[in-house]
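Below you'll find the structure, written out as structure tokens, and then a few comments.
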Amino acid sequence: MTNGETTSRTDFIREIIDEDIRTGRFGGRVHTRFPPEPNGYLHIGHAKSVMLNYGIAKDYGGKFNLRFDDTNPTKEEQEYIDAIIEDVRWLGADWEDRLFYASDYFEQLYQWAEDLIRKGLAYVCDLSADEVREYRGTLTEPGRNSPYRDRSVEENLDLFRRMRAGEFPDGSRTLRAKIDMASPNLNLRDPVMYRILHAEHPRTGNAWCIYPTYDWAHGQSDSIEGITHSICTLEFEDHRPLYEWFLQALGIYAPRQIEFARLNLTYTVMSKRRLLRLVNEGHVRGWDDPRLPTLRGLRRRGVTPEALKDFTERIGVAKNNSTVDIALLEYCIRQDLNRRALRVMGVLDPLKVTLVNYPEGQVEWLEAINNPEDPSAGTRLVPFTRELWIEREDFREVPPPKYYRLSPGREVRLRYGYFIKCVDVVKDADGNVVELLCTYDPETRGGSAPDGRKVKSTIHWVSVPHALTAEARLYDRLFLKEDPDDVPEGGSWLDNLNPNSLEVRTCYVEPSVAGAAPGSLYQFERLAYFCVDPDSTPERLVFNRTVALKDEWAKIQGKT
RNA sequence: UCGGGGAUCGUCUAACGGCAGGACAGGGGACUUUGGAUCCUCUAAUCGUGGUUCGAAUCCACGUCCCCGAGCCA
């Protein structure tokens with residue numbers, strides 16, 4: 001915690017929990033869960049939920065479960081289960097030995113369904129999907145009772161068992177709760193509990209051909225696990241009465257459902273559908289593309305779970321629909337990386353500098369600090385020679401006002417090196433600057449002048465003969481507009497894709513990074529944070545730009 | 001139109017009838033061997049109209065606007 005604002009954090013959910021503890025509603029217990037459906041990859045919005053649920057369990061000395069909501073075999077896959085487990089673990093949430101699946105409860109759910117039938121609270125309905133819709137009524141008009149609503153308990157039991165036995169084709173019948181076809185809450189108009197689906201389930205295989213719906217499975221799964229606070233997103237608010245109705249009808253332990261607003265971020269999209277489309281249509285390179293807000297994308301980009309945790313704490317939890325400025329995420333990432341990333345020097349857009357008065361063939365190894373924020377990170381040696389690469393934008397032939405870097409006749413400091421002064425500019429036939437001839441002051445080794453003279457600027461550099469050639473992938477926001485949906489009518493959110501969200505460059509890096517493992521985090525001084533990509537080979541490192549450093553000069557420039 | 005939610009600086013979020021606070025973003029400054037980091041500082045908000053009250057973001061009334069809901073998805 002760098003300051004006090006996050007230490008005493010609270011939110012309306014914790015207030016509810018405090019109240020429940022005070023009144024002894026759950027005997028003082030706190031038990032939460034994260035219930036993903038394994039039909040896609042997790043994104044930063046899920047991270048908010050995981051951090052919330054796990055954070056609450058930890059803060060209150062309670063428990064946290066990971067439970068897959070795997071009730072729809074037509075959409076779910078083992079691949080997603082594996083990926084989600086990996087991602088939740090990466091986030092740091094610990095479910096200990098409580099990894100569960102709604103499918104673990106299929107038999108219990110089935111038995112409970114028979115109980116409801118016996119109580120006259122559920123019936124087998126032969127209406128087709130279209131007919132069910134028709135009978136449901138509309139938002140403003142009540143529905144009508146299904147003609148099958150008053151079947152006898154015996155007939156319902158018989159039919160339901162035959163549904164399970166596989167006697168009927170997909171879609172031919174459903175089991176529905178008998179509630180109220182006139183309820184203004186459509187979820188209570190005899191909701192479907194079971195549908196017939198002759199589909200292979202990733203976990204139960206072909207054991208079942210009827211599958212419970214979300215509404216029928218979720219609350220009961222929470223109940224079985226002894227969940228106290230079932231935290232979900234706002235769109236389930238309308239489902240709460242049904243959640244409670246099932247538990248009450250069954251007469252079993254009832255957790256409390258609490259809804260909060262899902263996370264939205266500027267300059268990106270979060271829905272599974274859209275993410276899927278970006279991947280499938282090749283707008284990005286895959287689910288782990290560093291431009292995506294998926295957990296795998298963020299991880300590959302170099303974002304740490306700690307940065308994500310800080311972010312989720314800063315955005316808070318409430319019921320307002322909101323869209324968080326992605327600048328806050330970037331701030332959290334910088335904040336985190338500033339403390340942990342090793343500093344190195346790398347040049348993204350090289351301009352050659354020759355030190356005319358520096359001995360040819362001489363190499364000096366200069367000491368450089370690995371992380372000024374963390375003395376324990378130590379120091380390293382960087383080679384200094386007559387020929388150097390500097391950043392092209394660190395030289396201006398005619399320096400604008402407030403520009404402190406190199407220009408003809410001006411002296412600057414080479415980081416950890418010497419003061420140098422530009423004495424001549426070499427140009428090609430088209431007048432482009434191709435090389436700078438500079439002198440160095442041997443008295444200024446290490447970066448300070450014995451005579452006490454100052455320079456306005458320190459620039460980074462890499463020794464030409466020692467430079468490692470690497471690939472730098474410079475990422476920018478995926479969309480041009482804060483709100484990707486901000487398009488002229490008839491347009492598509494895809495029209496707002498940023499065509500320059502990825503720029504690949506060849507860069508030069510100091511030799512100390514040779515052999516760095518994928519995932520290694522660095523700060524290229526004065527430029528940005530970078531993360532070694534798994535695409536790296538022993539011959540050629542690949543760096544992903546996680547986030548650029550704040551750039552005061554760009555700001556000054558932008559104003560003129 | 002029916003039901004369920006929601007509306008506080010540009011953005012996110014506090015306040016539980018008693019000084020509208022914090023963070024990010026933005027402006028200004030200090031410091032600096034990263035124009036980084038850090039520090040200081042400024043700008044900036046209660047959806048509207050009435051009412052209750054010594055006192056209202058908070059309570060009441062009436063409006064307005066936004067989100068969700070008519071899957072055998074979750």
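Reminder, nothing fancy here: chain letters follow the sequence lines and each chain counts from 1.
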Open item on the list: On RNA chain B, does the nearest nucleotide to A:Leu329 precede the nearest nucleotide to A:Asp551 from the 5' side, or the other way round? Give the residue.
Closed with: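 This one resolves to A:Leu329.
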Task: Which residue lies more 5' along RNA chain B, comparing A:Arg445 with A:Asn185 via nearest heavy atoms - done: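 Whichever sits nearer the 5' end wins; that is A:Asn185.
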Task: Side-chain donor or acceptor of A:Gln257 paired with backbone N/O of A:Phe236 under 3.5 Å - done: yes
Proximity to the side chain of [X] - top-ranked nucleotide from [options]:
| X | options | result |
| --- | --- | --- |
| A:Ala129 | B:rC73, B:rC72, B:rA70 | B:rC72 |
| A:Leu139 | B:rC73, B:rC12, B:rC2 | B:rC2 |
| A:Thr174 | B:rG36, B:rA74, B:rC72 | B:rC72 |
| A:Arg405 | B:rC24, B:rA14, B:rG35 | B:rG35 |
| A:Glu525 | B:rC12, B:rU34, B:rG4 | B:rU34 |
| A:Asp238 | B:rA37, B:rC73, B:rG3 | B:rG3 |
| A:Ala327 | B:rG36, B:rA25, B:rC12 | B:rA25 |

Quote, to the nearest angstrom, the [atom1] distance that separates [N] from [M].
| N | M | atom1 | result |
| --- | --- | --- | --- |
| B:rG28 | B:rC65 | P | 40 Å |
| B:rG26 | B:rG36 | P | 12 Å |
| B:rG21 | B:rA45 | P | 11 Å |
| B:rU46 | B:rC12 | P | 16 Å |
| B:rG27 | B:rU43 | P | 16 Å |
| B:rA25 | B:rA44 | C1' | 11 Å |
| B:rU58 | B:rA15 | C1' | 8 Å |
| B:rA74 | B:rG22 | C1' | 36 Å |

Quick one: is [X] getting a side-chain N or O under 4.0 Å of the [N] phosphate, OP1 or OP2?
| X | N | result |
| --- | --- | --- |
| A:Arg136 | B:rG71 | yes |
| A:Lys555 | B:rG27 | yes |
| A:Arg526 | B:rG35 | yes |
| A:Tyr331 | B:rC24 | yes |
| A:Gln257 | B:rG4 | no |
| A:Thr140 | B:rG3 | no |
| A:Asn320 | B:rU13 | yes |
| A:Asn321 | B:rC66 | no |
| A:Thr213 | B:rA74 | no |

[Y] ring centre to [X] NZ or CZ under 6.0 Å, with the angle to the axis within 45°?
| X | Y | value |
| --- | --- | --- |
| A:Arg545 | A:Phe530 | no |
| A:Arg144 | A:Tyr135 | yes |
| A:Arg415 | A:Trp461 | no |
| A:Arg173 | A:Phe168 | yes |

With hydrogens left out and only the distance checked, is there a donor-acceptor pair under 3.5 Å joining [X]'s side chain and the base of [N]?
| X | N | answer |
| --- | --- | --- |
| A:Arg343 | B:rU34 | yes |
| A:Glu373 | B:rG36 | yes |
| A:Gln523 | B:rU34 | yes |
| A:Arg334 | B:rG36 | no |
| A:Glu330 | B:rC24 | no |

Could you state the [atom1]-[atom2] distance from [X] to [N], rounded to the nearest angstrom?
| X | N | atom1 | atom2 | value |
| --- | --- | --- | --- | --- |
| A:Ile333 | B:rA37 | CD1 | P | 14 Å |
| A:Glu141 | B:rA70 | CD | P | 16 Å |
| A:Glu235 | B:rG5 | CD | P | 15 Å |
| A:Phe260 | B:rG6 | CZ | C1' | 16 Å |
| A:Glu237 | B:rG69 | CD | C1' | 11 Å |
| A:Asp180 | B:rG3 | CG | P | 14 Å |
| A:Leu527 | B:rG36 | CG | C1' | 10 Å |
| A:Asn187 | B:rG71 | CG | P | 11 Å |

Task: Which nucleotides of RNA chain B pair, in dot-bracket form (Watson-Crick or G-U under 3.5 Å, | meaning another strand) - done: .((((((..((((....[..)))).(((((.......)))))....(((((..]....))))))))))).....
Open item on the list: Over all strands shown, is A:Val317 touching base, sugar-phosphate only, or nothing at heavy-atom distances under 4.0 angstrom?
Closed with: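 The answer is sugar-phosphate, as A:Val317 gets under 4.0 Å only of primed atoms, P, OP1 or OP2.
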Open item on the list: Classify A:Thr74 by what it touches in the nucleic acid, base, sugar-phosphate, or nothing, heavy-atom distance under 4.0 Å.
Closed with: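 No contact at all - A:Thr74 keeps every heavy atom at 4.0 Å or more from the nucleic acid.
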Do the side chains of [X] and [Y] get close enough for a salt bridge, i.e. N-O under 4.0 angstrom?
| X | Y | value |
| --- | --- | --- |
| A:Lys421 | A:Glu411 | no |
| A:Arg339 | A:Asp374 | no |
| A:Asp451 | A:Arg453 | yes |

TODO: Name all residues meeting the ring pair (Phe, Tyr, Trp, His ring centres under 6.0 Å) criterion together with A:Phe160; count only those two or more places apart in sequence or in a different chain, and write none if there are none.
DONE: A:Tyr110, A:Tyr194
TODO: Give the ring-plane orientation class for A:Tyr105 versus A:Phe100, where under 30° counts as parallel, over 60° as perpendicular and anything between as tilted.
DONE: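 Tilted, since the angle between the ring planes falls between 30° and 60°.
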Once salt bridge (Lys or Arg N to Asp or Glu O under 4.0 Å) is applied, do any residues pair with [X], and if so which ones, sequence neighbours excluded?
| X | value |
| --- | --- |
| A:Arg526 | A:Asp394 |
| A:Arg410 | none |
| A:Asp180 | none |

TODO: Start with the C-alpha gap between A:Thr304 and A:Arg340, add the side-chain angles, then the distance that decides, and say whether side chain to side chain contact (heavy atoms under 4.5 Å, CB included) holds.
DONE: CA-CA 10 Å; A:Thr304 70; A:Arg340 72 205 312 163; 3.3 Å; yes
- [ ] Using a cut-off of strictly less than 4.0 Å between a heavy atom of the residue and any atom of RNA chain B, enumerate the qualifying residues of residues 189-200 of chain A by number.
- [x] A:Val192, A:Arg195
Task: Chi-angle category of B:rG71 [syn within 90° of 0, anti beyond] - done: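 Base orientation relative to the sugar is syn.
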